[in-house]
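One structure is given below, encoded as structure tokens.
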Amino acid sequence: MGGGIKVHGVPISTATMRVLATLYEKGLDFELVPVDMKAGAHKQEPLISLNPFGQIPALLDGDLTLFESRAITDYIADEYNNKGEKLLCQSCKKLKAITKVWLQVEGQQFDPIASKLAFERVFKGMLGMTTDPAAVEDLEAKLVKVLDIYEARLSKSPFLAGDCFTLADLHHLPIIYYLMGTDSKKLFESRPKVSEWIKKITARPSWVKVLNLQKQ
Amino acid sequence: MAGIKVFGNATSPSTRRVLLALHEKNLDFELVNIDLKDGEHKKEPFLSRNPFGKVPAFEDGDLKLFESRAITQYIAHRYESQGTNLLPADSKNPSHYAIMAIGMEVEAHQFDPVASKLVWEQVIKNFVGLTTDQAIVAEEEAKLAKVLDVYEARLKEFKYLAGETFTLTDLHHIPVVQYLLGTPTKKLFTERPRVNEWVAEVTKRPASQKILK
């Protein structure tokens with residue numbers, strides 16, 4: 001079952017980090033198979049057969065091949081439900097439905113803005129491109145509106161879906177981590193409940209392990 | 001089963017996504033109209049239902065939800081044994097469920113961002129008296145073509161996107177596909193034989209016809 005998990009990706013990729021964090025939360029063994037992004041390996045065989053959209057990560061578990069990080073994390077949380085940390089509320093159907101709401105919020109409301117901002121602030125620099133200050137200003141103005149809603153939500157419960165840490169919180173980790181290393185961190189730090197939530201989720205041992213992979 | 005309410009607009013693709021699921025399941029519900037032109041979705045009391053100010057919001061008894069794709073998943077699970085099954089045949093098998101989940105993510109992250117921009121440029125802008133930007137249309141059509149090439153290959157192997165049966169993965173595409181069929185972008189679907197067949201299949205379903213009324 002768990003012995004054959006392979007992840008094709010790289011430790012700096014936010015989508016790969018999302019999957020790695022989930023594997024660590026579950027205490028699962030896996031092999032991280034590096035992908036030569038600079039050489040465009042993700043757009044060619046053999047990886048294009050694993051993910052026809054030419055993106056990382058892909059995950060292999062036995063003869064199952066998956067891509068799209070949020071489908072992979074959902075699979076891991078479900079298949080290995082009884083191992084490691086609980087990442088989805090199984091017992092209460094209502095809470096499961098509410099977790100799905102906040103999973104969608106991350107994917108539909110937070111990520112489209114925040115990942116563009118991380119691209120401007122962080123990844124453009126890595127690629128030798130120049131940050132566009134007008135784009136940053138525009139994206140930060142949009143992100144602030146989302147974070148105000150998060151602040152209100154997190155004033156009602158310690159985590160986004162309720163009382164427990166779930167995938168809905170975890171999915172935010174990679175982009176928040178990158179933005180906290182830039183001037184955009186002020187948007188998070190100026191909101192007490194958001195700030196508290198970030199401190200909690202980034203302190204999780206599984207997240208620390210993911211960051212350690214980057215150092216290797 | 002009384003007590004299902006949808007707060008949305010019958011023309012909105014995301015509202016239609018939820019209505020499709022309800023029709024596929026033959027569930028009774030009330031559609032509470034939210035006047036988008038009047039900005040009703042950006043004010044109370046709607047904001048208490050969805051703080052992001054977007055339709056639809058949803059209620060089933062005392063469970064309140066938003067985000068159309070979370071709502072459809074709730075409906076598919078909660079009413080699994082009613083009407084059309086929108087989950088994979090072996091829904092408790094995580095491996096099978098994961099294949100559908102991939103398709104749902106692909107719709108949300110690869111298809112919809114591009115397809116919705118095309119609906120915005122060619123349908124909504126016209127409706128509110130603005131001019132279509134053909135340069136954007138060309139750019140977005142080039143992206144959509146690449147996505148549909150992947151779909152074409154996929155649909156050569158399987159009847160539907162997640163396998164041999166109709167699932168949420170297919171359903172989530174229908175509202176935006178329906179709008180695009182009324183625009184020149186339709187050609188991107190018709191020039192790919194399997195995609196064309198799939199579009200015809202999913203849009204002729206009774207539920208798909210009901211949401212157009």
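All chains are named by letter (A, B, ...) in the order of the sequence lines, taking the proteins before the strands, and each is independently numbered beginning at 1.
Summarising the geometry of B:Leu22 relative to B:Phe58, their closest heavy-atom pair is CD2-CE1, 4.4 Å, with the distance given to 0.1 Å.
Under the 3.5 Å distance criterion, the side-chain polar atoms of A:Asp169 are matched with a main-chain donor or acceptor of A:Thr166. Under a 3.5 Å cut-off, the side chain of A:Asp61 and the backbone N or O of A:Leu64 do not form any donor-acceptor pair.
Between chain A and the options B:Asp149, B:Val150, B:Ile102, B:Asn93, heavy-atom pairs under 4.5 Å are most frequent for B:Ile102.
The pair A:Arg191-A:Asp148 counts as a salt bridge, with a side-chain nitrogen and a carboxylate oxygen less than 4.0 angstrom apart. Ion pairing between a basic and an acidic side chain is recognised when a charged N comes within 4.0 Å of a carboxylate O; A:Arg121 and A:Glu140 show such pairing. A salt bridge links B:Asp62 with A:Lys94: at least one charged nitrogen is closer than 4.0 Å to a carboxylate oxygen.
Heavy atoms of B:Tyr97 lying under 4.5 Å from chain A belong exclusively to its side chain. Contacts of A:Ser69 with chain B are absent, with no heavy-atom separation under 4.5 Å from either backbone or side chain. Looking at B:Lys54, only its side chain comes within 4.5 Å of chain A, counting heavy atoms on both sides. Using a 4.5 Å cut-off between heavy atoms, B:Tyr74 contacts chain A through its side chain alone, with no backbone atom that close. At a 4.5 Å heavy-atom cutoff, the contact between A:Ile149 and chain B is made by side-chain atoms alone. Using a 4.5 Å cut-off between heavy atoms, A:Gln108 touches chain B through its side chain atoms alone.
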